[in-house]
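Reviewing the structure listed below.
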Amino acid sequence: MKTNLTYRKHTPKDYKNGSAVRWCPGCGDHAILNCLHKALAELNIEPHDIAVISGIGCSSRLPYYMNTYGLHGVHGRAAAIATGTKVANPNLSVWVTTGDGDSLAIGGNHFIHAIRRNVDINIILFNNKIYGLTKGQYSPTSEKGFISKSSPYGTVEEPFNPAELCFGARGTFFGRAIDVDLNNLTDLLVASAKHKGTSVVEVLQNCVIFNNGIHAKITDKASRPEKTILLQHGKKMLFGVNNEKGIAIDANFQLKAVTIGQDGYTLDDVLVHDATTKDSTLHLKLAQMGYENDLPVALGVIRDVEAPTFENEYEKQIEEVQKKMPVKSFTDFLMSSKNMWELK
Amino acid sequence: MKTNLTYRKHTPKDYKNGSAVRWCPGCGDHAILNCLHKALAELNIEPHDIAVISGIGCSSRLPYYMNTYGLHGVHGRAAAIATGTKVANPNLSVWVTTGDGDSLAIGGNHFIHAIRRNVDINIILFNNKIYGLTKGQYSPTSEKGFISKSSPYGTVEEPFNPAELCFGARGTFFGRAIDVDLNNLTDLLVASAKHKGTSVVEVLQNCVIFNNGIHAKITDKASRPEKTILLQHGKKMLFGVNNEKGIAIDANFQLKAVTIGQDGYTLDDVLVHDATTKDSTLHLKLAQMGYENDLPVALGVIRDVEAPTFENEYEKQIEEVQKKMPVKSFTDFLMSSKNMWELK
Amino acid sequence: MTDNTIVNELKDVTIRFSGDSGDGMQLSGTLFSTLSAILGNEIATFPDYPAEIRAPKGTLQGVSGFQVRIGSHDVYNAGDKTDVLVAMNPAALKVNAENLKKHSIVIYDSDSFQKKDLEKAGFKTDNPFQELNLNSVQAIPVAITSLTKSALEDMGVDNKIMLRSKNMFALGIVCWLFNRPADIAERLLKEKFGKKPLIFQANIKAFLAGYDYGNNTHLTASTYRIETVKHEKGFYIDVNGNLATAYGLIAAAEKAGLRLFLGSYPITPASDILHELAKRKDFGVKALQMEDEIAGICTAIGASFAGHLAATSTSGPGLALKSEALNLAVMLELPLVVIDVQRAGPSTGMPTKSEQTDLNMALYGRNGESPLAVIAAFSPTDCFDAAFWASKLAVEHMTPVALLTNGYIANGSSAWKIPNMDDYPTIVPPYVQKHFDGDPSTWKPYLRDEKTLARYWAIPGTPGYMHRIGGLEKDYYTGNISTDPDNHRLMVKTRQEKIDKIADFIPKQEVWGDKNADTLIVGWGGSYGHLLEAAKKIRKAGKKVAFTQFKFIAPLPKNTEEILRTYKKIIVAEENNGQFASYLQGKFGNLPLHRFNRITGQPFSIEELVTEFIQIIDRKTIDNENKSYVSKTYA
Amino acid sequence: MTDNTIVNELKDVTIRFSGDSGDGMQLSGTLFSTLSAILGNEIATFPDYPAEIRAPKGTLQGVSGFQVRIGSHDVYNAGDKTDVLVAMNPAALKVNAENLKKHSIVIYDSDSFQKKDLEKAGFKTDNPFQELNLNSVQAIPVAITSLTKSALEDMGVDNKIMLRSKNMFALGIVCWLFNRPADIAERLLKEKFGKKPLIFQANIKAFLAGYDYGNNTHLTASTYRIETVKHEKGFYIDVNGNLATAYGLIAAAEKAGLRLFLGSYPITPASDILHELAKRKDFGVKALQMEDEIAGICTAIGASFAGHLAATSTSGPGLALKSEALNLAVMLELPLVVIDVQRAGPSTGMPTKSEQTDLNMALYGRNGESPLAVIAAFSPTDCFDAAFWASKLAVEHMTPVALLTNGYIANGSSAWKIPNMDDYPTIVPPYVQKHFDGDPSTWKPYLRDEKTLARYWAIPGTPGYMHRIGGLEKDYYTGNISTDPDNHRLMVKTRQEKIDKIADFIPKQEVWGDKNADTLIVGWGGSYGHLLEAAKKIRKAGKKVAFTQFKFIAPLPKNTEEILRTYKKIIVAEENNGQFASYLQGKFGNLPLHRFNRITGQPFSIEELVTEFIQIIDRKTIDNENKSYVSKTYA
Ligand SMILES: Cc1ncc(C[n+]2csc(CCOP(=O)(O)OP(=O)(O)O)c2C)c(N)n1
Ligand SMILES: Cc1ncc(C[n+]2csc(CCOP(=O)(O)OP(=O)(O)O)c2C)c(N)n1
Ligand code: SF4
Ligand code: SF4
Ligand SMILES: [Mg+2]
Ligand SMILES: [Mg+2]
């Protein structure tokens with residue numbers, strides 16, 4: 001994404017439009033919207049150079065609240081629509097707002113293929129582990145056993161972990177945030193925009209109506225320092241109320257939480273986060289923390305790797321071809337056809 | 001899959017039907033078909049207890065050559081159809097035959113969701129890295145730069161590695177084979193059938209017409225011992241003409257090929273394959289060998305982990321509910337409705 | 001105080017509870033309709049949700065309504081205009097103003113008609129009634145919020161529970177107004193909240209407070225009693241169309257001796273079918289929420305292949321996605337029930353609104369010549385019969401059947417007499433083992449029953465009948481893949497004839513009304529109640545008219561052409577741009593059609609129907625052209 | 001030997017090259033048609049592939065044919081029955097036997113008519129001609145295989161190359177038979193194989209050997225020359241329909257000053273459009289092969305939003321999958337060209353065969369009232385004009401346009417005169433900046449141009465026109481989401497009117513033939529050539545008849561009803577079960593329709609058309625009923 005000449009420094013207000021916001025009071029989506037306004041101001045992209053594209057779901061209503069170009073599509077297809085928009089005009093800053101159902105149920109295929117192609121779009125995945133707009137069915141991220149309208153006796157299927165799927169599709173950027181921590185969410189959105197290629201930002205979002213408190217265990221102010229860890233590239237992986245704990249690795253390549261000064265662990269044992277290694281093994285283990293073990297859930301930029309983007313490679317190929325076969329008019333093209341003949 | 005009482009020991013012939021096989025002479029699909037006949041005979045499943053379900057593609061023609069129940073569906077949807085069949089009748093042995101386009105392009109979503117649910121179906125993925133039936137377009141597994149009818153100047157996108165995607169969807173079974181090694185392919189099919197849950201068997205298959213030799217580098221008799229390694233659960237990971245080489249791991253958890261007796265490496269340094277660890281980190285690294293490094297490509301059962309299957313969990317839930325609310329006739333059910341009233 | 005209010009006897013009354021989404025109006029409405037049914041009234045309901053889960057409080061977008069019509073008999077629909085409106089805030093008043101009868105009663109919560117409330121609803125003055133020109137309505141302010149609060153004061157419940165109980169206070173007033181005995185309400189509340197004693201107590205208290213308030217203050221000069229005529233004796237429950245659809249499938253599976261399978265994906269307004277069937281594990285129902293609509297229908301196809309009664313449920317956008325796989329089912333000739341709860345389109349359209357615009361898609365929305373059976377349900381309770389029929393035809397004729405309902409009847413409810421299942425026909429799957437003397441050697445997978453042209457059902461697991469089916473064209477005799485031109489022609493013809501032959505197995509079309517009328521009103525599916533009532537009113541107005549509503553759309557009943565050719569004028573009334581009319585005209589040609597098309601996302605207005613139909617009846621000319629979609633308001 | 005064979009002048013001849021898929025018959029046919037075109041003949045071709053990539057050698061399933069019709073003029077289609085058949089094996093003879101004219105010439109490779117070859121093709125005797133009752137054809141055995149081998153013996157090429165050159169030997173014979181100068185063939189072969197000298201040499205040698213063999217042996221008593229009449233002067237190339245479609249899009253993009261974008265997924269018989277546009281990076285075309293059809297159309301929608309001329313190409317099953325997203329494009333009111341190269345359905349059907357059965361799906365295959373424009377191409381070369389028109393209407397009217405071609409015209413080819421692009425109209429995108437005095441403040445995203453009712457195009461990246469669009473119903477004035485009933489009605493009407501208004505911008509329908517005929521033959525799309533020729537033959541037979549072929553299906557040209565009402569009988573001829581006939585009848589009513597429907601996967605047979613049409617012309621009664629799908633062979 002190239003940013004056009006910026007006329008003046010923007011403020012979050014420049015990205016808001018007048019429409020009344022229609023999410024339920026207390027819904028985590030409000031926070032995500034605000035953070036996006038802030039992130040865009042920080043990035044200082046012209047509102048007319050932004051396209052926000054969505055599918056269907058509560059989360060997918062977001063484009064209506066932006067003073068940018070926006071397209072509210074059909075369920076699950078935002079990543080594909082956004083691919084078309086970005087390839088057509090690589091100068092646009094293209095965002096996708098989507099839900100866990102929208103992007104991982106019906107839209108799963110476009111999600112993994114956009115990631116594989118590494119189109120430079122920024123996907124914000126509102127993960128509330130529920131279908132909000134259709135009033136409370138389980139989603140592909142709902143825990144096994146989850147009771148909902150469509151699973152009155154509990155689900156019998158394993159959920160996806162969006163990070164795992166992203167890496168399985170060879171993702172180059174993955175980050176995670178919680179809806180209640182505005183600063184870090186804003187930072188993460190900024191980082192995702194700066195990444196060239198498909199970035200996936202998973203926001204653990206609360207649906208007050210149909211799945212209230214689903215992330216509370218980790219997002220509650222009280223438990224947050226113990227239950228989450230903010231990863232920062234180049235920094236030690238520390239957490240805890242006083243950053244007294246850290247993530248270390250054992251000989252079997254298993255991660256574990258250690259307390260500095262206890263059991264003989266020192267700061268040196270704590271890993272330094274490198275988001276940029278091509279090999280995703282460690283990123284994956286970090287992203288899995290807290291899901292099948294009791295390590296803190298990783299937030300922040302977990303993976304941010306450089307790789308060619310689809311639209312750039314495509315443009316480059318066009319340029320190369322045009323160098324070899326200089327553009328002419330359609331008529332000239334036909335007239336230079338090898339198979340042409342003349343009737344006189 | 002429960003096998004019904006077997007009347008007699010079956011032979012491969014029992015699974016063939018009279019139809020003339022219509023694949024191109026020399027196509028790798030012939031070998032896969034033969035191995036499936038053999039594997040079923042070895043498993044000794046009654047032909048009438050087998051359903052082979054496919055999408056569209058050369059690979060998806062396979063059901064027509066089976067003396068079993070078969071359904072040739074629409075493009076990309078075999079995994080979903082098979083899910084319905086298996087959930088409806090868990091006693092059937094359900095197989096899916098599919099291509100790289102069928103299961104990873106249009107069918108990608110059903111592929112990952114079947115795997116996530118762990119439905120007990122056996123997916124044979126014929127990976128010829130091309131669209132055969134439509135005469136030669138690139139597929140999601142074609143290497144970047146691949147020239148085909150639809151990519152006359154070479155593709156500009158990264159391919160999927162089916163194993164990565166399978167693990168990203170929390171796969172419980174993944175194996176790989178080459179079409180020219182009939183014994184190991186047959187063994188792998190047998191192992192995949194024995195696995196309870198979704199098993200993915202990737203067969204590196206040659207399309208003589210549109211992508212001849214695409215796997216030759218590793219499948220050629222001459223290079224095979226150096227370029228491939230057959231993983232066997234509980235055995236050392238050895239390869240080379242005389243099994244003189246092995247796979248070891250370094251301190252950074254990077255795999256490497258070592259020659260026993262050289263550079264101080266002994267047999268003790270060579271890893272023992274454990275297909276059954278829940279943690280998929282090492283399985284993933286094994287499955288990636290040969291793709292972005294020059295390690296030998298892993299064949300055989302790479303991952304085979306126990307986990308509840310969707311259809312069993314579903315049946316169990318039905319049983320539990322029925323225990324609590326014993327089955328009655330529909331009329332009795334209505335008549336016991338709490339909201340009923342009588343008009344006299 | 002003794003009761004000296006006047007009690008008026010009414011035949012029929014329409015009441016609408018309206019407020020914010022959070023105000024619990026759906027519950028007040030449901031309870032009122034259920035208890036009226038228990039009292040022996042006929043009922044019909046029409047929940048009218050907003051599209052947003054929770055729009056900002058007090059705004060027009062957030063208004064959620066529940067309309068109940070109760071009457072002594074002939075309650076075929078939930079009514080047009082309301083006799084009584086309960087308005088919990090100014091937005092509710094504004095949204096419903098157009099639909100108030102001239103002298104209707106409006107009970108409103110005066111606590112929430114304050115300045116800021118009025119502003120939120122876009123009122124400019126402090127007299128909303130005047131502003132809306134509602135000069136002849138009987139506006140009754142009740143301080144519902146504060147009265148509820150004071151009623152619950154001594155219970156020690158929190159503010160939230162107090163506020164949530166307002167709807168019961170309102171219900172209490174309405175029950176008093178219509179002379180509904182309070183004890184039935186108490187019983188219903190107990191069933192609903194029995195497990196949560198505190199909530200139950202709060203609700204009951206608020207309800208009684210409202211009831212007594214009406215009584216004590218003589219809130220209106222008169223109260224009403226709805227006549228009850230003798231009804232069919234029996235046991236009743238309240239069902240909406242989605243529930244009845246789910247029940248129809250369960251009943252059909254039982255009759256056919258098959259397990260029921262549903263492959264689905266949630267979508268408004270069809271999700272409740274999935275919800276209900278997911279609950280029905282007691283019947284062994286397998287109801288899978290899949291990753292998308294395509295997987296929904298594909299699992300159903302897989303389950304049908306495996307020998308289950310398989311269905312898939314969705315709404316318009318979902319049916320569009322299913323079309324490729326539905327076409328596969330046509331080729332496979334497997335039983336499949338495809339339920340489309342139509343909503344307002346095109347595209348995402350207006351998901352919570354209803355119309356009849358998916359008929360064309362159900363008939364034609366697939367590549368190639370792809371015939372299937374199409375059935376449309378008349379009313380909430382008729383969804384049971386329609387789903388039963390759809391299942392029967394699917395299984396016995398080995399074909400997909402599209403069942404069209406719509407948001408209006410899917411969410412609307414009526415009292416439903418629990419049927420005697422012995423009155424329903426058997427369903428006999430054409431199992432292959434019962435034919436060919438149980439000898440597979442002469443059988444081929446596409447050999448057909450002579451009467452139905454259905455192929456026989458050979459189910460995986462059955463020894464001896466192994467076979468392969470698929471979406472490619474196949475040989476008429478062997479079932480093998482074939483590209484032979486004459487064979488293709490024969491197969492195209494046979495698939496069509498198989499559907500056409502269903503006409504031999506369905507009831508003849510019936511006509512209601514004047515034998516010697518010149519004009520026939522034609523409708524299909526969910527508009528039944530509105531059209532029947534309009535027809536009745538037209539007769540009352542002294543005009544001759546006949547009326548027929550189609551449930552079986554493809555194939556049409558055998559006597560359809562005969563009926564249509566009897567009349568000089570045919571008015572085809574649809575909530576679309578004339579799809580059924582064109583279907584009839586395209587099929588029969590030369591029909592004297594008038595198209596009455598209304599696409600508003602709302603059910604027909606009976607008043608409008610009557611006026612316009614009478615005009616057409618009185619007119620001299622015939623007008624096949626489709627001009628009636630022109631909107632009066634804007635054109 | 002001097003040439004003393006007799007040379008006959010012919011107007012028109014149909015030749016079919018037929019053999020195994022591997023025999024290279026497509027190349028022989030293509031070369032023969034191209035060089036005939038270069039000589040000034042009119043040409044039409046019909047490649048007839050098997051469904052399998054490589055069916056077993058020598059079997060009926062493996063037969064691949066390429067039919068070429070060449071003539072002096074009026075070659076509108078590739079002909080019914082063949083005058084000359086080249087049969088490389090017995091299967092090829094058998095498959096084509098039905099389509100041989102009575103006294104046709106059959107040149108066959110006697111080397112491959114051995115016992116085992118005959119058995120593979122299911123012959124029971126050693127005289128296949130007798131077995132097939134081909135007693136009056138002129139059967140000419142040529143040892144093509146061994147003669148080719150001996151011709152190439154001294155070249156030192158391997159057996160594979162020798163066998164692969166058989167097709168050139170056969171071509172040589174046919175070129176001799178029709179007096180085509182050998183040097184043009186040499187030139188064409190050089191262009192084809194210039195980069196592979198060995199292959200080129202082998203091909204040329206085999207070709208000349210065949211040519212000389214014919215000449216030297218006086219293979220037939222007479223050879224033929226096809227009259228060449230004066231043609232329009234100019235430069236020509238050979239195009240098939242898919243190539244012409246791709247070119248039409250490129251030309252339209254150039255005219256509109258837009259970049260061209262294609263989002264697609266491979267599918268027979270549409271893939272070649274993707275292939276060609278993927279090549280055309282020299283024009284900056286962006287042609288993406290996506291993960292499925294839905295992503296194909298969705299990327300196109302995204303690109304259209306971003307201001308490109310966007311298209312998506314597919315065949316029937318793919319269009320079914322696209323229907324939900326296509327409906328979104330209807331709501332978004334963005335330009336989009338959706339190409340459906342129709343193939344035989346339903347479901348997967350017969351992918352390599354052609355029919356016209358997707359019309360209903362294009363018109364109606366979406367939820368809600370979802371109007372769009374539908375255009376159908378007449379012939380391979382007309383695909384260029386049709387694609388150009390589709391693009392023009394899409395851009396200028398801000399709507400999706402469905403362009404229907406079919407397998408027959410998509411793979412069939414003709415000589416195409418390179419057009420002077422100045423003769424084509426301009427295409428003017430309704431950019432928003434050019435309106436509202438360039439001032440965004442009074443603009444709303446769904447405000448419309450008065451004449452077209454198209455909304456204005458505001459493209460991301462343009463300062464000041466930021467806006468949001470989507471699939472939910474929107475307010476007529478503000479473009480905001482709306483569920484207002486009257487507004488919905490207005491929007492439904494407006495979307496329909498926008499499409500109806502296109503009729504103001506397209507050519508009037510023209511009628512060919514007798515002014516005072518009683519009978520009008522009506523067709524649409526790709527059957528043009530067959531119907532026109534049939535009409536001409538009917539006139540030659542002394543009957544009066546008129547003929548009209550529809551390219552613009554939705555909306556219909558303005559004078560359509562006027563034309564239709566002129567005739568006493570209307571024969572609507574379609575390769576489906578009467579979809580266009582029902583569309584006309586449903587729209588206009590009271591049309592005296594006869595439906596002629598043939599669904600065989602093959603193009604119409606002109607002979608059959610002529611016979612049946614004359615019968616209908618002579619008949620006294622009118623028969624709107626759709627009974628004609630009954631197959632003669634099997635019924
Ligand atoms: C084709 C189609 N299928 C289904 C729906 C109904 N639908 C709308 S949103 C949604 C899921 C919403 O869940 P999610 O994506 O998690 O978003 P959330 O509302 O939770 O933010 C569904 C099933 C639809 N609109 N279109
Ligand atoms: C809906 C739909 N889209 C596209 C096609 C065309 N199609 C048939 S098979 C195929 C891909 C085949 O590739 P693959 O799955 O790799 O199978 P292979 O032939 O290589 O075994 C395609 C694109 C189709 N039949 N249906
Ligand atoms: S339903 Fe849930 S996700 Fe949707 S707006 Fe309300 S709180 Fe948010
Ligand atoms: S085209 Fe390729 S994959 Fe298909 S049958 Fe032939 S060799 Fe096999
Ligand atoms: Mg969600
Ligand atoms: Mg393939």
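We name chains A, B, ... by the order of the sequence lines, and we start the count at 1 in each one. Hydrogens, waters and symmetry mates are skipped; everything else that's a heavy atom, side chains included, is used.
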Exercise for review: Sort D292(C) into side chain, backbone, both or neither according to what part of it lies under 4.5 angstrom from a heavy atom of chain B.
Suggested key: side chain
Check your understanding: Can K281(C) be said to sit on top of Y314(B)'s aromatic six-ring, NZ or CZ under 6.0 Å from centre and within 45° of the ring axis?
Key -> yes
Review point. Any donor and acceptor pair, going by atom type alone, linking the side chain of W341(B) with main-chain N or O of I237(C) inside 3.5 Å?
Key: no
Exercise for review: For a side chain to side chain contact (heavy atoms under 4.5 Å, CB included) with P460(C), tell me which candidate from L92(B), D49(B), N89(B), I50(B) qualifies.
Suggested key: L92(B)
Revision key, fill the gap. Cut-off 4.5 Å, heavy atoms of chain B, and the answer for L188(C) is neither
Check your understanding: Given that the side chain runs from C-beta out, which part of P419(C) has a heavy atom under 4.5 Å from chain B: side chain, backbone, both or neither?
Key -> both
Study note, to complete from the structure: chain B shares the most heavy-atom pairs under 4.5 Å, among K417(C), M290(C), K192(C), with M290(C)
Review point. Is it the backbone or the side chain of Y236(C) that comes under 4.5 Å from a heavy atom of chain B, or both, or neither?
Key: both
**Study point:** Ion pair check, E315(B) and K286(C), cut-off under 4.0 Å
**Key:** yes
Point to revise | Which atoms of H308(C) approach chain B - backbone, side chain, both or neither, heavy atom under 4.5 Å | key: side chain
Check your understanding: What are the two closest heavy atoms between A51(B) and F305(C), and how far apart are they?
Key -> CB-CE2, 4.3 Å
Exercise for review: Might you point out which heavy atoms bring F330(B) and E254(C) nearest each other, and give the distance in Å?
Suggested key: N-OE2, 2.6 Å
Study note, to complete from the structure: So, the part of A310(C) with a heavy atom under 4.5 Å from chain B: the answer is neither
Practice item. Kindly state whether the ring of Y69(B) and the ring of Y465(C) have centres lying under 6.0 angstrom apart. Key: no
Study note, to complete from the structure: On a heavy-atom basis, the closest approach of E191(C) and K338(B) is OE2-O, 3.1 Å
Practice item. Could you look at A300(C) and say if it's the side chain, the backbone, both or neither that has a heavy atom under 4.5 Å from chain B? Key: neither
**Study point:** Atom group of R116(B) that falls short of 4.5 Å from chain C, counting heavy atoms
**Key:** neither
